[in-house]
Amino acid sequence: MESDLRGLTACHICDALCRDETPAPGQRVRCPRCGTPLRTGHARAIDQLLAISLAVLVLMGTALALPFLGLEGGGLAQEATVLDAAEAIGSGRAWPLGVAVGALIFAVPLTRALALCYVLLPLRHGHPPRPHARAAFRLAIELRPWSMAEIFVIGVAVALVKIAGLATVQLEPAFWIFVLLGVLVTLEDIALCRRSIWTMLG
Amino acid sequence: MSSTQPPTMPEEIIGTTKPRPAHDAHVLTARRAGLVGCTVCGQVSHRGTAHCPRCGSVLHSRAPGGTQQVWAWLLAGLVFYIPANLYPMLITRTLGQEMASTIVGGALELIEYGDWGVGIIVLTASVGIPIGKFIAITLLALAVDKHWKLDRHRLLQLYEIVEFIGRWSMIDIFVVAVLSALVQLGFVASISPGPAAACFAASVAFTMLSARAFDTRMIWDRIGEQSD
């Protein structure tokens, strides 16, 4: 890295050249031209982010193993997991859609959380970044729009209303875990200050 | 900063905690300073650097081809949005009877049965947001292509709304997935996804890619600073 460019940064939204400043506690550094927040991070952010990512990992693993929703109607009972949802929409020739839905609901959020843990754990303990930590962090950033656990939760709520007249639906443990995951993924997004972590990654 | 400074006027480089001062014209861009900024990590490099030395992303001072990629993805999204609305999204079989409902039909059904709130959520997510997005991206790309003198902050707000809200269109796909997983053969009724599901998912994905291909830095360029 050229030393004369250290300490400078370009706004990713409007290309304004700015000094790469660290914000005072509770404040954010904004781009002087377009007002986009450039840095929101403070010292504790990495702890929060790591805690959230670890929680997402554990909860997502649990949610996949447990039943998600149960259905009773016409003397029959049935249970479905989150994986069943991806499988059902991708039945037959629509399998690519099933794969895509599975990715959006759990594979992408899981990958992001894994990547963030891989990047942040050594930083948290003051160790140098692991090999490919930068690539992993870039992956986590670029996957963000495709991580849709929170949207899935709203979709489930709509489906429950649609089905209400047809049968009795039981909310199983994985359902509640997913509601929590929706909240956590949103918090993960808020706690993530990219530029602060890039600076730590060197 | 070290003694070997980049070719810039230092007083123009401002880092500030104050939101949004309006002196656009006095801000030095990385491009005018002969530098290129990384949109992933913010690192600045000298123009002509192919990959960001920090994060490895491919560096472009501006999106290559300007808005071409935006238009291409947008067109793909529009094309898939048509069958997504014509074909059935949901096929319900009840005791030998088969009923297919389209996206709009399913939402209207909900409203008919008195589920106003949910019906409106589905209509907004599946019709309002996609169409609003097509219009918004068209406006953004045209504003850049035709050098329309629109308020840049307003354009940026529009872009941020598109980026934030676009993903939520996927709701309907998840509704169909959950319904078809739950209501399986063996019940009085069974639900399965129709051909519109894949078309709609593709349309949403393509429009998301279209929005992501839009380089917001072009909003702020003055005429003549663009193509690269």
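We name chains A, B, ... by the order of the sequence lines, and we start the count at 1 in each one. Bear in mind that the values here come from a model prediction, so they are computed numbers and not experimental data.
Of the possible donor and acceptor atoms, none in the side chain of Arg217(B) sits under 3.5 Å from a partner among the backbone N and O of Ala16(A). Listed for the Arg194(A) side chain is no donor-acceptor partner under 3.5 Å among the backbone atoms of Cys41(B). Using a distance-only test at 3.5 Å, with no hydrogens or angles considered, a donor-acceptor pair links the side chain of Arg138(A) to the main chain of Gly56(B).
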Open item on the list: Evaluate Phe174(B) against Val101(A) for side chain to side chain contact (heavy atoms under 4.5 Å, CB included), listing each step before the verdict.
Closed with: CA-CA 8 Å; Phe174(B) 297 147; Val101(A) 166; 4.1 Å; yes

- [ ] Would you please test Arg144(A) and Glu163(B) for salt bridge (Lys or Arg N to Asp or Glu O under 4.0 Å) and show each step?
- [x] CA-CA 11 Å; Arg144(A) 170 59 197 141; Glu163(B) 267 263 85; over 6 Å; no

TODO: Check step by step if side chain to side chain contact (heavy atoms under 4.5 Å, CB included) holds for Arg167(B) and Glu150(A).
DONE: CA-CA 10 Å; Arg167(B) 316 157 54 235; Glu150(A) 74 275 29; 2.9 Å; yes

TODO: Decide yes or no on side chain to side chain contact (heavy atoms under 4.5 Å, CB included) for Leu156(B) and Thr36(A), but give the supporting numbers first.
DONE: CA-CA 10 Å; Leu156(B) 180 60; Thr36(A) 304; 4.1 Å; yes

Open item on the list: Evaluate Trp220(B) against Ile13(A) for side chain to side chain contact (heavy atoms under 4.5 Å, CB included), listing each step before the verdict.
Closed with: CA-CA 9 Å; Trp220(B) 305 86; Ile13(A) 295 294; 4.2 Å; yes

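In this structure, Val40(B) and His12(A) have side chains that are not in contact, with every pair of non-hydrogen atoms separated by 4.5 Å or more. Taking the side chain as every heavy atom from C-beta outward, Leu90(B) and Lys162(A) approach each other to under 4.5 Å. You'll find the side chain of Met208(B) reaches within 4.5 Å of the side chain of Pro145(A), heavy atoms only.
Counting heavy-atom pairs under 4.5 Å between each of Ala177(B), Gly166(B), Gly106(B) and chain A puts Ala177(B) at the top. The candidate with the highest count of non-hydrogen atom pairs below 4.5 Å against chain B, out of Leu201(A), Val158(A), Asp84(A), is Val158(A).
Contact of Ser147(A) with chain B is made through the backbone alone, with heavy-atom distances under 4.5 Å. Residue Ile173(B) touches chain A through both its backbone and its side chain, counting heavy-atom pairs closer than 4.5 Å. With a 4.5 angstrom heavy-atom cutoff, Ile89(A) touches chain B via backbone and side-chain atoms both.
The one candidate from Val169(A), Val82(A), Ile163(A), Leu69(A) that meets the side-chain contact (heavy atoms from CB on, under 4.5 Å) condition with Val178(B) is Leu69(A).
The pair Arg62(B)-Asp15(A) meets the salt-bridge criterion, since a charged nitrogen lies less than 4.0 angstrom from a carboxylate oxygen.
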